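Inspection log for the structure reproduced underneath, given as structure tokens.
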Amino acid sequence: MKRVIRMLPLAAALGMSLPAWAGLVLQNQDWKVELEPSTLALTAAAAGDPARTVSAGVPARKVSGLRQDGQSADWQWDDGRYRWQARLQGRDLTLTLNAAAPGGVELLRQPGAAMGKGLLLPLAEGSYIPAGSKLWRDFLPGFAGDGLDTAENLSLPLWGMDYGRRSLHWLLLEPFNNRLAIRADGQNLALSLSHEFNALNQKRPMTLLLQLGDDNLLAGAQRYKQWLEAKGRYQTLADKIQAQPDTAKLIGASHVYLWGNTLLDASDVRDWPAFLKLLRGPDPLAASLRGGFDAEAAKALRQAEAKPDRYQQRVLMEAVNQALTAEARAGWLVPKPDWARMAAPYQRLRARIERLFGAALQPDASRWGGGLSRKTMDALQAAGLKRLWLGADNWEGGLWQPQAVKAGVDAGYLVTAYDSYETALKPGYREDWLSAQQGEAVYRQCGVTLANGKKKAGFQQSGYYTNPDCVRDTLQRRTRALHAAAGFNSWFLDAYATGMVFDDYTAGRQTGKAEMAAGNEKSMQWVADAYHLPVGSENGNAATSRGIAFAHGMQVPVMGWGDADLQKNKQSPYFLGRWYPADQPETFFKKVPLKQPYRDLYYGAPYRLPLYQAVFHGSVITTNHWLYDNLKFSNAYADNLLAQWLYNVPPLFHLSAASLKARLPQLQCADRAFRPAHEKLAPQPLTGFAWLNAEHTLQQTRFADGSRITANFGVAPAAYGERTLPPQSAWLELAGQPGRLLKAGDCAGA
């Protein structure tokens, strides 16, 4: 195909410099782009279409050295401080900026009118923001604050505009050190993009790619996937299964967090009078346990009759487990932890408990425990659940219950350690935050240093965020010890795949954001390769996605974090719940309605778009964030389940010993609906998406093998071809199989 790049005036064609006021016209048979070099004001027109203003332009810069070579344009800003290159190739316009010195640069100002019919924004899985939407106009500018970090706050470094039979998509091929600001502009939303060159990233060019698409809303995401593949940054599930064969166990697996990961559960006591007598007795272990009781537990122990009531049983058992845990941690939680010996205190205490209390407890000590126990594994198997990902809330449960981990692994499940190295705490501070206890040396040496010389405060303003290269030795030693002691066959490294990275100015290891992201990926890949198991993380943002096979938080992310009605106001009907009791925290198990506008913003079918799946289906398996399992929100249950079916992503559940009986039927039903489809489609790319009615409540996804899933999110029946889909149902047309109808009501949450 012949491509023509036309520049005005004629002097450019002769290789001569152009005056600062001259514009550029770049044109081929697909489209025409007009670009003002001093402001980067930009209009684009597909063949046969009117021109659209894509950027109104930033404040003018001094232009010099404007030239062309027949296929590209080059110019400088500010006497050579910045150098631009523009290239038009097919449906791609690339704009590359190099800097000779640090500085912030505003790149684009996209007016509200440019969003066309709607804005395509990868907030987690993906959002479709209709033009004129008051819901989004009221929410998004405040949510974006002083600008979205395009590596952390966007799951993919891109956005797009829907023009009906055409679309335009911006891809940020350098996702780091960018801010995407959003403001109301009339009835629509205006965007502006800026990039920071600093001492750590100055040699990295900033490249933007504007892609012309047809009426395919996924075109930008699909173009980004092509770019990842061309750069060698893309791995399929098949690739990962070949390298880590247990990754195959993710296919068809529902994801479940197990709570109650201590040594004992109240149901393990078969003789309460005998147990109380021993607990009140003179044995040194009993005395040590009592010494760790708080006032409430001490009172319960004093007042309990021969058969304590249910409240007293819970308080006493929680106190016993807390005291046991404190004693076990004292054996290794020191300024210089000996990770190789970490498991020994748990094993010794288990043996001592069995000797002292054995006569009062259930006779088979290997079955002791709550959510993480052999009892649970047996119940899951008896329920016919063949594929599960099982996660404990921290890896300490595996030290108390290695036999439960083994039972889960033997049953064919993935049993996972929740782990993290992203925040390091000062020894002795918040010892209940176990993963952040990495020792004195890590705390002193591995914190990120900001440009102002101060350390970057860690999660919840505690400790310091760490440099992954600095903490990798600790990660390797601690995971090696945990893997050997507990036998986990999967790993969850929290926060490493969120795209949250920093510029680290620490002397001797200065690390830019891009290098830190690569460090996160290197750590995740190391765990996967060292133990030949699947690794997952939070969110799974594209900028930090290499090395993971699964991610939690992409389908529904953390929301309403600063909203008192959700987080603090216990009288609010929307209060998510307390982080208590430890074996069944309300915040995970309490069923509540979801407050507006979050209900519609995050679960409303007309606003959801499978942008992330268009890139990573067949590579990374994603779920909701663990804060919001399938049963959490009473007014979003059906929409959540239908979206999971439509996008072919796993359901997520929380289970405890006390909730197991009530919740198993929902888990079984979700498994029956999800597993057969995922076993067929998990390796397949998601290749298409369409709205099939004007209300956007009848939606269809298409996959590379020709399979289709059509979901009716509406409350009324909807016509689909010769078929009528019932309200809140999905019709699965899997390649080579007869059609199958799924109804959300058949798996209604209790």
Side-chain angles (χ1 to χ4, degrees), residues 40 58 61 65 72-87 89 92-108 147-159 170-181 192-211 223-224 226-234 448-451 456 465 467-470 496-523 525 541-547:
L40 225 64
V58 301
R61 301 265 190 165
S72 65
D74 302 87
W75 67 97
Q76 298 179 357
W77 272 358
D78 301 348
D79 297 318
R81 180 171 183 174
Y82 302 106
R83 292 179 291 109
W84 279 104
Q85 182 181 73
R87 287 217 191 323
Q89 186 173 18
D92 292 347
L93 170 72
T94 55
L95 301 169
T96 301
L97 178 63
N98 285 275
V105 188
E106 189 176 8
L107 304 174
L108 301 173
L148 300 174
D149 182 312
T150 61
E152 178 183 355
N153 302 129
L154 300 182
S155 61
L156 309 169
L158 56 86
W159 76 91
W170 281 111
L171 280 62
L172 309 182
L173 303 186
E174 173 60 41
F176 305 104
N177 299 97
N178 304 317
R179 307 299 295 185
L180 184 66
S192 61
L193 178 70
S194 59
H195 180 77
E196 180 197 9
F197 288 102
N198 59 41
L200 303 182
N201 75 342
Q202 184 188 319
K203 294 183 179 180
R204 295 177 63 89
M206 173 59 193
T207 298
L208 301 92
L209 187 154
L210 181 64
Q211 201 243 0
R223 180 66 185 89
Y224 180 66
Q226 292 172 358
W227 181 82
L228 289 175
E229 291 171 333
K231 293 293 182 180
R233 284 190 53 88
Y234 196 86
V448 168
T449 304
L450 301 175
K456 174 66 177 175
Y465 281 118
N467 185 306
D469 292 339
C470 184
Y496 267 4
T498 61
M500 181 182 66
V501 291
F502 310 101
D503 289 313
D504 184 5
Y505 288 84
T506 303
R509 65 149 194 268
Q510 291 187 333
T511 309
K513 287 186 175 182
E515 289 75 27
M516 183 171 285
N520 287 358
E521 293 178 328
K522 183 177 180 180
S523 291
Q525 191 67 60
N541 284 19
T544 44
S545 61
R546 283 194 296 182

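Small disclaimer: the values here were computed from a predicted structure and weren't measured.
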Before accepting this row, confirm whether a basic side-chain N of the pair K513/E196 lies closer than 4.0 Å to the acidic partner's carboxylate O. no
Verdict with reasoning, L209 to W227, per side-chain contact (heavy atoms from CB on, under 4.5 Å): CA-CA 10 Å; L209 187 154; W227 181 82; 5.6 Å; no
Would you call the rings of Y82 and F197 parallel, tilted or perpendicular, taking 30° and 60° as the class edges?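 It falls in the tilted class, 30° to 60°.
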Compare every heavy atom of [Y] with every heavy atom of [X], then report the nearest pair and how far apart it is.
X    : Y    : value
W84  : L95  : CZ3-CB, 3.8 Å
P205 : N98  : CB-OD1, 3.4 Å
R81  : A101 : NE-CB, 4.0 Å
G104 : R61  : O-NH2, 3.8 Å
Q525 : G547 : OE1-CA, 3.2 Å

Going from [atom1] on [X] to [atom2] on [Y], what distance comes out if it is rounded to the nearest 0.5 angstrom?
X    : Y    : atom1 : atom2 : value
W75  : Q85  : CH2   : CD    : 9.0 Å
T150 : L156 : OG1   : CG    : 11.0 Å
F176 : R204 : CZ    : CZ    : 7.0 Å
L210 : L158 : CG    : CG    : 12.0 Å
T94  : L171 : OG1   : CG    : 11.5 Å
L450 : T506 : CG    : OG1   : 9.0 Å

Output yes when a side-chain donor or acceptor of [X] lies under 3.5 Å from a complementary backbone atom of [Y], and no otherwise.
X    : Y    : answer
N541 : A543 : no
E152 : T498 : no
Q202 : A100 : yes
Q76  : G65  : no

Non-hydrogen side-chain atoms of [X] and [Y] separated by less than 4.5 Å:
X    : Y    : value
L208 : L193 : yes
L172 : M206 : yes
L107 : L97  : yes
L148 : L154 : yes
S192 : E106 : yes
Y505 : N198 : yes
Q211 : Y224 : no

Check the side chains of R87 and S72 for a donor-acceptor pair under 3.5 angstrom, ignoring hydrogens and angles.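 Checked: S72/R87 side chains pair up, N/O donor to acceptor below 3.5 Å.
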Is a side-chain donor-acceptor pair under 3.5 Å present for H195 with N177? no
Pair S194-R179, side chain to side chain donor-acceptor pair (under 3.5 Å): steps then yes or no: CA-CA 5 Å; S194 59; R179 307 299 295 185; over 6 Å; no
Sole residue of D504, L200, T544 in side-chain contact (heavy atoms from CB on, under 4.5 Å) with M516: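 That would be D504; it is the only one of D504, L200, T544 passing the side-chain contact (heavy atoms from CB on, under 4.5 Å) with M516.
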Does the side-chain contact (heavy atoms from CB on, under 4.5 Å) test come out yes or no for D92 and R223, once each step is laid out? CA-CA 10 Å; D92 292 347; R223 180 66 185 89; 2.7 Å; yes
